[in-house]
Protein chains: 2
Amino acid sequence: MSIDDGAVEVRAQGWRTLAALHGMIESELERSLTALRLSVVEYTVLDALSRQDGWHMRMQQLARATALSPSATTRLVTRLEDRGLLTRILCADDRRGIYTELTAAGRELYLEARPVHDETLERVLAEAEDRPELAVLARALHGIPVAAVQ
Amino acid sequence: MSIDDGAVEVRAQGWRTLAALHGMIESELERSLTALRLSVVEYTVLDALSRQDGWHMRMQQLARATALSPSATTRLVTRLEDRGLLTRILCADDRRGIYTELTAAGRELYLEARPVHDETLERVLAEAEDRPELAVLARALHGIPVAAVQ
DNA sequence: GGCAAGTCTTTGCGTGTGCAACTATTGCGT
DNA sequence: ACGCAATAGTTGCACACGCAAAGACTTGCC
């Protein structure tokens with residue numbers, strides 16, 4: 001169609017590689033966290049909340065941090081609340097908004113899960129570097145000096 | 001715990017970035033393909049099959065290409081078969097295996113979907129390059145000279 | 001030939017997800 | 001003060017997914 005059909009194909013390949021690496025990491029993390037009865041998104045919530053240094057987080061922020069829809073976020077928070085890992089707090093200044101906060105049990109489980117998560121991530125990335133199709137992207141992850149998705 | 005806690009944190013940030021970019025690309029692709037009644041995985045199947053130049057593909061290969069479980073692959077193929085986009089072929093040399101092949105309608109829909117897919121991908125990557133947290137990774141996708149996941 | 005072990009695919013079941021519709025609350029214009 | 005649009009979060013519904021068990025077929029070994 002246009003001149004840079006080749007560039008488009010390069011991007012499509014890059015996207016396939018990204019998707020493959022993402023799927024590989026996610027499924028490994030998923031399996032390593034089942035022992036603690038946590039899914040990857042659930043860990044992401046705990047991680048995001050603890051990263052806020054005891055601060056609250058709105059549902060919408062959580063939805064962006066987990067790349068989930070509002071409805072999925074509602075039920076995710078409900079699940080974790082039912083397990084006593086976090087609490088909903090209706091904040092006074094805007095009564096539409098709802099803040100979530102880790103409980104002591106939530107912080108405890110996070111501290112337990114984090115080394116499992118990190119070791120698995122390290123192992124999977126090492127594996128990925130051995131696969132020629134994934135190596136470049138996997139290595140690119142090491143040197144990325146970015147802030148987390150707010 | 002160990003000396004390179006910093007390195008671990010760098011990898012964790014890289015993983016969060018990867019997940020964020022992946023989610024962003026996937027949801028945009030999903031929305032752009034709904035007009036053709038295709039999900040991203042369904043497009044991936046069409047793409048993988050057409051990339052085989054009219055050749056067959058085993059269920060298991062399809063499962064790896066889509067990062068899906070065997071059961072999900074079965075139902076995915078069934079969906080596409082019911083729509084007449086591909087056919088199951090029991091191959092003679094190993095009657096455990098089942099090959100799938102695009103029909104004429106499947107190739108037609110793929111040719112229709114591909115430009116939509118590619119243009120969306122290009123647009124999203126351009127957007128990602130403007131976000132400082134995603135820019136490095138998004139740019140890394142341009143120059144990756146890898147083969148597709150077989 | 002026949003039985004055991006292994007591989008490829010399919011089905012049953014429970015669960016998480018997105019979309020659309022709904023409720024509650026805020027902010028703005030009149 | 002009132003209504004009206006916009007925003008935050010929740011619920012109904014249909015659907016796609018993973019896991020575990022079962023079915024179909026192959027391979028190896030006796």
Side-chain angles (χ1 to χ4, degrees), chain A residues 19 22-35 37-46 56-83 85-101, chain B residues 19 22-35 37-45 56-83 85-101 150:
Chain A
H22 179 273
M24 181 176 166
I25 295 174
E26 185 162 60
S27 60
E28 285 300 310
L29 287 178
E30 204 80 57
R31 290 204 299 114
S32 75
L33 288 173
T34 47
R37 309 197 182 188
L38 278 177
S39 67
V40 173
V41 261
E42 286 167 350
Y43 176 85
T44 302
V45 170
L46 268 50
H56 325 295
M57 231 176 145
R58 279 182 109 96
M59 298 293 287
Q60 216 172 10
Q61 296 179 283
L62 232 43
R64 269 180 308 193
T66 56
L68 243 47
S69 69
S71 66
T73 307
T74 290
R75 288 183 260 251
L76 174 55
V77 167
T78 302
R79 280 199 303 276
L80 296 174
E81 192 183 26
D82 289 346
R83 285 175 61 183
L85 300 175
L86 54 80
T87 54
R88 277 182 165 90
I89 300 174
L90 298 108
C91 215
D93 52 320
D94 183 352
R95 281 181 302 189
R96 292 172 301 182
I98 291 182
Y99 290 93
T100 55
E101 196 180 79
Chain B
H22 178 273
M24 180 178 168
I25 296 175
E26 185 161 60
S27 60
E28 286 299 311
L29 287 179
E30 206 80 57
R31 290 205 299 112
S32 75
L33 288 173
T34 46
R37 310 198 181 187
L38 279 177
S39 68
V40 173
V41 262
E42 287 167 350
Y43 176 85
T44 302
V45 170
H56 326 295
M57 232 176 144
R58 278 181 109 96
M59 299 292 287
Q60 215 173 8
Q61 295 178 283
L62 232 45
R64 270 181 307 193
T66 56
L68 243 48
S69 72
S71 66
T73 307
T74 289
R75 287 182 262 251
L76 174 56
V77 167
T78 302
R79 279 199 305 276
L80 296 174
E81 192 182 26
D82 288 347
R83 285 175 63 184
L85 300 175
L86 54 80
T87 54
R88 279 183 165 90
I89 300 176
L90 298 108
C91 214
D93 51 322
D94 182 351
R95 281 182 302 189
R96 291 173 301 184
I98 292 183
Y99 290 93
T100 54
E101 197 180 78
Q150 63 126 223

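Protein chains get the first letters and strands the later ones, always in sequence-line order, with residue 1 at the start of each. Side-chain atoms are counted along with the backbone in the values below, which use heavy atoms only and exclude waters and symmetry mates. All figures in this text were calculated on a predicted structure; none of them were measured in a lab.
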*Asks:* Could you check how far CD of A:E81 sits from C1' of D:dT10, rounded to whole Å?
*Replies:*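 One finds 13 Å between C1' of D:dT10 and CD of A:E81, rounded.
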
*Asks:* Let me know the distance between CD of B:Q61 and P of C:dC8, rounded to the nearest Å.
*Replies:*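 After rounding, the reported distance stands at 11 Å.
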
*Asks:* Would you confirm whether B:E81, through its side chain, and B:T87, through its main-chain N or O, come within 3.5 Å as a donor-acceptor pair?
*Replies:*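 Checking the backbone N and O of B:T87 against the side chain of B:E81, no donor-acceptor pair under 3.5 Å is found.
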
*Asks:* When rounded to the nearest 0.5 angstrom, what is the spacing between CG in A:L46 and CG in A:L80?
*Replies:*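 Spacing of CG (A:L46) from CG (A:L80) equals 6.5 Å.
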
*Asks:* Can you tell me the distance, in whole Å, between the OH atom of A:Y99 and the P atom of D:dA8?
*Replies:*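 Spelled out: OH on A:Y99 to P on D:dA8 is 11 Å.
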
*Asks:* Is B:D82 salt-bridged to B:R75, cutoff N-O under 4.0 Å?
*Replies:*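 No.
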
*Asks:* Do B:M57 and B:Y99 come close enough that some side-chain heavy atom pair is under 4.5 Å?
*Replies:*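 With C-beta onward as the side chain, the pair stays apart.
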
*Asks:* Nearest whole angstrom, please: distance from the C1' of D:dA8 to the CD1 of A:I89.
*Replies:*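 Whole-Å distance recorded here is 17 Å.
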
*Asks:* Under 3.5 Å, is there a donor on one side chain and an acceptor on the other for B:R88 and B:T78?
*Replies:*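 Present: a donor and an acceptor within the cut-off.
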
*Asks:* Test your reading of the model: is there a side-chain donor-acceptor pair from B:E26 to the backbone of B:G23, 3.5 Å cut-off?
*Replies:*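 Checking the backbone N and O of B:G23 against the side chain of B:E26, no donor-acceptor pair under 3.5 Å is found.
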
*Asks:* Is any side-chain heavy atom of B:L62 less than 4.5 Å from a side-chain heavy atom of B:V45?
*Replies:*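 The answer is yes, as the side chains (C-beta and beyond) meet within the 4.5 Å cut-off.
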
*Asks:* Between B:I98 and B:Q60, is there a side-chain heavy-atom distance shorter than 4.5 Å?
*Replies:*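 Not touching, per the 4.5 Å side-chain cut-off.
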
*Asks:* Taking all non-hydrogen atoms of both residues into account, name the closest pair between B:M59 and B:T100 and its distance.
*Replies:*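 For B:M59 and B:T100, the tightest heavy-atom pair comes out as SD-CG2, 4.0 Å.
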
*Asks:* Between the two end axes of the helix from C:dG1-D:dC30 to C:dT30-D:dA1, each built from 5 base pairs, what angle do you get to the nearest 10°?
*Replies:*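 The two end axes of the helix from C:dG1-D:dC30 to C:dT30-D:dA1 meet at 10°.
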
*Asks:* Using a cut-off of under 3.5 Å, enumerate the N/O to N/O pairs linking the protein to nucleotides 22-28 of chain C.
*Replies:*
residue, atom, partner, partner atom, Å
C:dT26, OP1, A:R95, N, 3.3

*Asks:* Would you say A:S69's side chain and A:A72's backbone share a donor-acceptor pair under 3.5 angstrom?
*Replies:*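 Answer holds: yes.
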
*Asks:* In whole Å, what is the span from the CG atom of B:D82 to the P atom of D:dC15?
*Replies:*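 So the two atoms are 13 Å apart, to the nearest Å.
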
*Asks:* Would you kindly give the CZ-to-P distance between B:R64 and C:dT9, to the nearest whole Å?
*Replies:*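 Answer to the nearest Å: 10 Å.
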
*Asks:* Quick one: what's the B/S/- string for nucleotides 16-22 of chain D, heavy-atom cutoff under 4.0 Å, read 5' to 3'?
*Replies:* SSBB---

*Asks:* Taking CG from A:L38 and P from C:dT15, how many angstroms apart are they, rounded to a whole number?
*Replies:*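 Result: 17 Å.
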
*Asks:* Rounded to the nearest Å, what distance is computed from the CD atom of residue B:Q60 to the P atom of nucleotide C:dG6?
*Replies:*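 After rounding, the gap between these two atoms is 16 Å.
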
*Asks:* Going by heavy atoms in the side chains, are A:E42 and A:V77 under 4.5 Å from each other?
*Replies:*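 Not in contact.
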
